[in-house]
Amino acid sequence: AAGVIQSPRHLIKEKRETATLKCYPIPRHDTVYWYQQGPGQDPQFLISFYEKMQSDKGSIPDRFSAQQFSDYHSELNMSSLELGDSALYFCASSPAFGGGWNTEAFFGQGTRLTVV
Amino acid sequence: DAKTTQPPSMDCAEGRAANLPCNHSTISGNEYVYWYRQIHSQGPQYIIHGLKNNETNEMASLIITEDRKSSTLILPHATLRDTAVYYCIVRVAGLTGGGNKLTFGTGTQLKVEL
(Lines give C-alpha, C1' and ligand atoms only; values in the text may rest on other atoms or scores of the structure.)
Protein backbone atom coordinates (compact mmCIF):
# COMPACT_ATOMS: atom_id res chain seq x y z
CA ALA A 1 0.00 0.00 0.00
CA ALA A 2 1.15 3.51 -0.77
CA GLY A 3 2.50 5.45 2.16
CA VAL A 4 3.23 9.08 2.88
CA ILE A 5 6.27 10.14 0.91
CA GLN A 6 8.61 12.83 2.13
CA SER A 7 11.51 14.36 0.29
CA PRO A 8 14.31 14.80 0.67
CA ARG A 9 15.12 12.27 3.38
CA HIS A 10 18.20 14.18 4.44
CA LEU A 11 19.10 17.82 3.99
CA ILE A 12 22.09 19.82 5.11
CA LYS A 13 21.89 23.59 5.02
CA GLU A 14 23.94 26.45 6.35
CA LYS A 15 22.66 29.08 8.74
CA ARG A 16 20.50 31.76 7.12
CA GLU A 17 19.79 29.57 4.11
CA THR A 18 16.35 28.41 3.06
CA ALA A 19 14.95 24.89 2.81
CA THR A 20 11.87 23.36 1.26
CA LEU A 21 10.49 20.06 2.48
CA LYS A 22 7.93 18.18 0.47
CA CYS A 23 5.19 15.80 1.50
CA TYR A 24 3.08 13.59 -0.74
CA PRO A 25 0.09 12.21 1.16
CA ILE A 26 -1.51 8.85 0.65
CA PRO A 27 -3.89 8.97 -2.35
CA ARG A 28 -7.37 10.27 -1.46
CA HIS A 29 -6.11 11.78 1.77
CA ASP A 30 -7.11 15.40 2.00
CA THR A 31 -5.52 16.39 5.30
CA VAL A 32 -1.83 16.96 5.90
CA TYR A 33 -0.05 17.62 9.20
CA TRP A 34 3.53 18.77 9.78
CA TYR A 35 5.54 17.95 12.89
CA GLN A 36 9.00 18.87 14.12
CA GLN A 37 11.00 16.55 16.37
CA GLY A 38 14.21 17.86 17.91
CA PRO A 39 16.90 15.55 19.28
CA GLY A 40 15.56 13.60 22.25
CA GLN A 41 12.21 15.34 22.07
CA ASP A 42 8.67 14.30 21.22
CA PRO A 43 7.07 15.36 17.94
CA GLN A 44 5.67 18.89 18.07
CA PHE A 45 2.78 19.94 15.87
CA LEU A 46 3.55 22.76 13.45
CA ILE A 47 0.66 23.20 11.06
CA SER A 48 -2.06 21.33 9.19
CA PHE A 49 -4.07 21.67 6.01
CA TYR A 50 -7.47 20.38 5.01
CA GLU A 51 -8.63 20.64 1.42
CA LYS A 52 -5.79 23.02 0.62
CA MET A 53 -6.68 25.45 3.40
CA GLN A 54 -4.76 25.91 6.62
CA SER A 55 -6.84 24.28 9.32
CA ASP A 56 -4.71 24.48 12.45
CA LYS A 57 -1.50 26.08 13.58
CA GLY A 58 0.88 25.10 16.32
CA SER A 59 4.27 26.32 17.38
CA ILE A 60 5.49 27.16 13.91
CA PRO A 61 8.04 29.97 13.70
CA ASP A 62 7.20 32.98 11.56
CA ARG A 63 10.21 32.07 9.42
CA PHE A 64 8.37 28.94 8.32
CA SER A 65 5.47 28.79 5.94
CA ALA A 66 3.58 25.95 4.35
CA GLN A 67 0.91 25.28 1.82
CA GLN A 68 -1.08 22.46 0.31
CA PHE A 69 -1.41 22.30 -3.44
CA SER A 70 -4.23 21.23 -5.73
CA ASP A 71 -2.86 17.70 -5.93
CA TYR A 72 -2.84 17.66 -2.08
CA HIS A 73 0.89 17.52 -1.71
CA SER A 74 2.30 19.96 0.79
CA GLU A 75 5.50 21.93 1.14
CA LEU A 76 7.10 23.37 4.25
CA ASN A 77 9.29 26.36 3.49
CA MET A 78 11.87 27.37 6.04
CA SER A 79 13.86 30.58 5.74
CA SER A 80 16.71 32.17 7.69
CA LEU A 81 17.60 28.78 9.06
CA GLU A 82 19.03 28.59 12.56
CA LEU A 83 21.05 25.88 14.24
CA GLY A 84 18.03 25.13 16.41
CA ASP A 85 15.99 24.18 13.35
CA SER A 86 18.01 20.99 13.07
CA ALA A 87 15.44 18.28 13.60
CA LEU A 88 13.37 15.54 12.07
CA TYR A 89 10.37 16.88 10.20
CA PHE A 90 7.45 14.54 9.80
CA CYS A 91 4.45 14.83 7.60
CA ALA A 92 1.26 12.87 8.20
CA SER A 93 -1.94 12.51 6.23
CA SER A 94 -5.50 11.53 7.06
CA PRO A 95 -8.15 10.11 4.74
CA ALA A 96 -11.11 12.06 3.46
CA PHE A 97 -13.77 9.71 4.80
CA GLY A 98 -16.00 11.51 7.20
CA GLY A 99 -13.97 14.68 6.76
CA GLY A 100 -11.48 13.49 9.30
CA TRP A 101 -13.93 12.05 11.77
CA ASN A 102 -12.47 9.21 13.73
CA THR A 103 -9.69 8.63 11.28
CA GLU A 104 -6.10 7.81 11.98
CA ALA A 105 -3.15 9.75 10.62
CA PHE A 106 -0.33 8.03 8.79
CA PHE A 107 3.18 9.38 9.03
CA GLY A 108 5.99 9.53 6.52
CA GLN A 109 9.55 8.56 7.32
CA GLY A 110 10.58 12.15 7.84
CA THR A 111 13.18 14.56 6.58
CA ARG A 112 16.27 15.00 8.71
CA LEU A 113 17.36 18.61 8.46
CA THR A 114 20.79 19.55 9.69
CA VAL A 115 21.72 23.21 9.88
CA VAL A 116 25.43 23.90 10.11
CA ASP B 1 -7.10 18.06 24.01
CA ALA B 2 -6.89 16.17 27.30
CA LYS B 3 -3.48 15.48 28.74
CA THR B 4 -2.26 11.97 29.17
CA THR B 5 0.13 10.46 31.68
CA GLN B 6 2.31 7.47 30.89
CA PRO B 7 5.21 5.83 32.72
CA PRO B 8 8.49 6.95 31.16
CA SER B 9 9.82 3.45 30.64
CA MET B 10 8.92 -0.23 30.86
CA ASP B 11 10.71 -3.49 30.26
CA CYS B 12 9.21 -6.66 28.89
CA ALA B 13 10.57 -10.13 28.19
CA GLU B 14 10.29 -11.30 24.63
CA GLY B 15 7.24 -13.50 24.09
CA ARG B 16 5.42 -12.07 27.07
CA ALA B 17 2.53 -9.63 26.97
CA ALA B 18 3.41 -5.97 27.27
CA ASN B 19 0.80 -3.92 29.07
CA LEU B 20 1.25 -0.18 28.67
CA PRO B 21 -0.95 2.02 30.86
CA CYS B 22 -2.19 5.50 30.17
CA ASN B 23 -4.13 7.90 32.34
CA HIS B 24 -6.41 10.47 30.72
CA SER B 25 -8.62 11.53 33.60
CA THR B 26 -9.84 14.73 31.91
CA ILE B 27 -10.96 13.09 28.70
CA SER B 28 -14.11 14.51 27.15
CA GLY B 29 -16.99 12.60 25.70
CA ASN B 30 -16.01 13.36 22.11
CA GLU B 31 -12.38 12.41 22.49
CA TYR B 32 -10.90 9.17 21.27
CA VAL B 33 -7.87 7.38 22.67
CA TYR B 34 -5.18 6.75 20.08
CA TRP B 35 -1.95 4.81 20.40
CA TYR B 36 1.07 5.36 18.22
CA ARG B 37 4.60 4.11 18.49
CA GLN B 38 7.88 5.43 17.21
CA ILE B 39 10.77 3.14 16.54
CA HIS B 40 14.03 5.04 16.76
CA SER B 41 13.87 8.11 14.48
CA GLN B 42 11.24 6.57 12.22
CA GLY B 43 7.86 8.14 11.58
CA PRO B 44 5.25 7.44 14.25
CA GLN B 45 3.21 4.36 13.45
CA TYR B 46 -0.49 4.08 14.13
CA ILE B 47 -1.41 1.14 16.36
CA ILE B 48 -5.02 1.35 17.43
CA HIS B 49 -7.70 3.70 18.66
CA GLY B 50 -11.02 3.53 20.50
CA LEU B 51 -13.78 5.55 22.09
CA LYS B 52 -15.18 3.45 24.91
CA ASN B 53 -15.28 -0.16 23.81
CA ASN B 54 -12.31 -2.45 23.89
CA GLU B 55 -10.66 -2.78 20.51
CA THR B 56 -8.40 -5.39 18.96
CA ASN B 57 -6.51 -5.53 15.71
CA GLU B 58 -3.60 -7.47 14.31
CA MET B 59 -1.10 -5.41 16.27
CA ALA B 60 -2.59 -4.93 19.70
CA SER B 61 -5.58 -4.70 22.00
CA LEU B 62 -6.87 -1.57 23.65
CA ILE B 63 -8.68 -1.78 26.95
CA ILE B 64 -10.51 1.38 28.05
CA THR B 65 -11.95 1.58 31.54
CA GLU B 66 -15.67 2.13 31.90
CA ASP B 67 -15.20 5.69 33.12
CA ARG B 68 -12.76 6.26 30.23
CA LYS B 69 -10.21 7.85 32.53
CA SER B 70 -7.52 5.34 31.71
CA SER B 71 -6.60 2.74 29.15
CA THR B 72 -4.10 -0.04 28.56
CA LEU B 73 -2.42 -1.02 25.34
CA ILE B 74 -1.64 -4.73 25.21
CA LEU B 75 0.94 -6.25 22.91
CA PRO B 76 0.11 -9.93 23.38
CA HIS B 77 3.46 -11.42 22.45
CA ALA B 78 6.14 -8.77 22.48
CA THR B 79 9.16 -9.18 20.22
CA LEU B 80 12.44 -7.31 20.05
CA ARG B 81 11.02 -5.33 17.13
CA ASP B 82 8.39 -3.88 19.46
CA THR B 83 11.05 -1.88 21.27
CA ALA B 84 9.90 1.70 20.73
CA VAL B 85 8.40 4.78 22.35
CA TYR B 86 4.66 4.31 22.73
CA TYR B 87 2.43 7.36 22.75
CA CYS B 88 -1.06 7.50 24.17
CA ILE B 89 -2.92 10.43 22.60
CA VAL B 90 -6.37 11.78 23.26
CA ARG B 91 -7.81 13.33 20.16
CA VAL B 92 -11.01 15.15 19.39
CA ALA B 93 -13.17 13.43 16.81
CA GLY B 94 -13.73 16.44 14.61
CA LEU B 95 -16.12 16.82 11.75
CA THR B 96 -13.48 18.28 9.48
CA GLY B 97 -9.98 17.18 8.82
CA GLY B 98 -6.95 19.02 10.04
CA GLY B 99 -8.52 20.49 13.14
CA ASN B 100 -8.12 17.30 15.07
CA LYS B 101 -4.38 17.17 15.26
CA LEU B 102 -2.44 14.59 17.24
CA THR B 103 -0.70 16.12 20.23
CA PHE B 104 2.21 14.01 21.40
CA GLY B 105 3.10 14.00 25.06
CA THR B 106 5.91 12.11 26.71
CA GLY B 107 5.39 8.48 25.86
CA THR B 108 6.63 5.22 27.32
CA GLN B 109 9.93 3.79 26.19
CA LEU B 110 9.26 0.06 25.95
CA LYS B 111 12.30 -2.13 25.92
CA VAL B 112 11.76 -5.75 24.95
CA GLU B 113 14.58 -8.01 26.02
CA LEU B 114 15.51 -11.65 25.54
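Proteins get letters first, then strands, A, B, ... in listed order; numbering begins at 1 in each.
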Enquirer: Just wondering, more than 12 heavy atoms not from D71(A) lying within 6.0 Å of its CG?
Expert: yes
Enquirer: Examine whether an atom of Q37(A) lies under 4.5 Å from a heavy atom of chain B, and if so say whether it belongs to the side chain, the backbone or both; otherwise answer neither.
Expert: side chain
Enquirer: Looking at every heavy atom in both G43(B) and Q109(A), which two are closest together, and how far apart are they?
Expert: N-OE1, 3.8 Å
Enquirer: For R63(A), does the CZ atom sit with more than 12 other heavy atoms under 6.0 Å from it, leaving out its own atoms?
Expert: yes
Enquirer: For atom CD1 of I12(A), decide whether the heavy atoms of other residues, nucleotides or ligands shown that lie under 6.0 angstrom number more than 12.
Expert: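 Counting neighbours around CD1 of I12(A), 12 or fewer heavy atoms of other residues, nucleotides or ligands fall under 6.0 Å, so no.
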Enquirer: Rounded to the nearest 0.5 Å, how far does CD of Q45(B) lie from CZ of F106(A)?
Expert: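 So the CZ of F106(A) and the CD of Q45(B) are separated by 10.0 Å.
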Enquirer: Establish, yes or no, whether the cationic atom of K101(B) lies under 6.0 Å from the six-membered ring centre of Y33(A) and within 45° of the ring axis.
Expert: no
Enquirer: Step through the shown structure and confirm whether more than 12 heavy atoms of other residues, nucleotides or ligands are within 6.0 Å of NZ on K13(A).
Expert: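 Atom NZ in K13(A) is packed in, count exceeds 12.
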Enquirer: Given the side-chain rings of F104(B) and Y35(A), with only the six-membered ring counted for Trp, is the space between their centroids under 6.0 Å?
Expert: yes
Enquirer: Would you say NZ of K52(A) has more than 12 non-hydrogen atoms from neighbouring residues, nucleotides or ligands within 6.0 angstrom?
Expert: yes
Enquirer: For A105(A) and Y36(B), work out which heavy atoms get closest and say how close.
Expert: O-OH, 2.7 Å
Enquirer: Should F90(A) and Q38(B) count as side-chain neighbours, where that means a heavy-atom distance under 4.5 Å?
Expert: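 Counting from C-beta outward, F90(A) and Q38(B) do come under 4.5 Å.
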Enquirer: Could you tell me if the side chain of F45(A) sits less than 4.5 Å from the side chain of T103(B), heavy atoms only?
Expert: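 Counting from C-beta outward, T103(B) and F45(A) never come under 4.5 Å.
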Enquirer: Answer with yes or no whether the hydrophobic clustering places Y86(B) together with M59(B); edges join I, L, V, M, F, W, Y residues whose side-chain heavy atoms lie under 4.5 Å apart.
Expert: yes
Enquirer: Rounded to the nearest 0.5 Å, what's the gap from CG on L102(B) to CD on E104(A)? Could you check?
Expert: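 Here the rounded value is 10.0 Å.
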Enquirer: Starting from Y46(B), can I reach L51(B) by hopping between I/L/V/M/F/W/Y residues whose side chains sit under 4.5 Å apart?
Expert: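 Yes; tracing contacts between hydrophobic side chains, which count when under 4.5 Å, links both residues.
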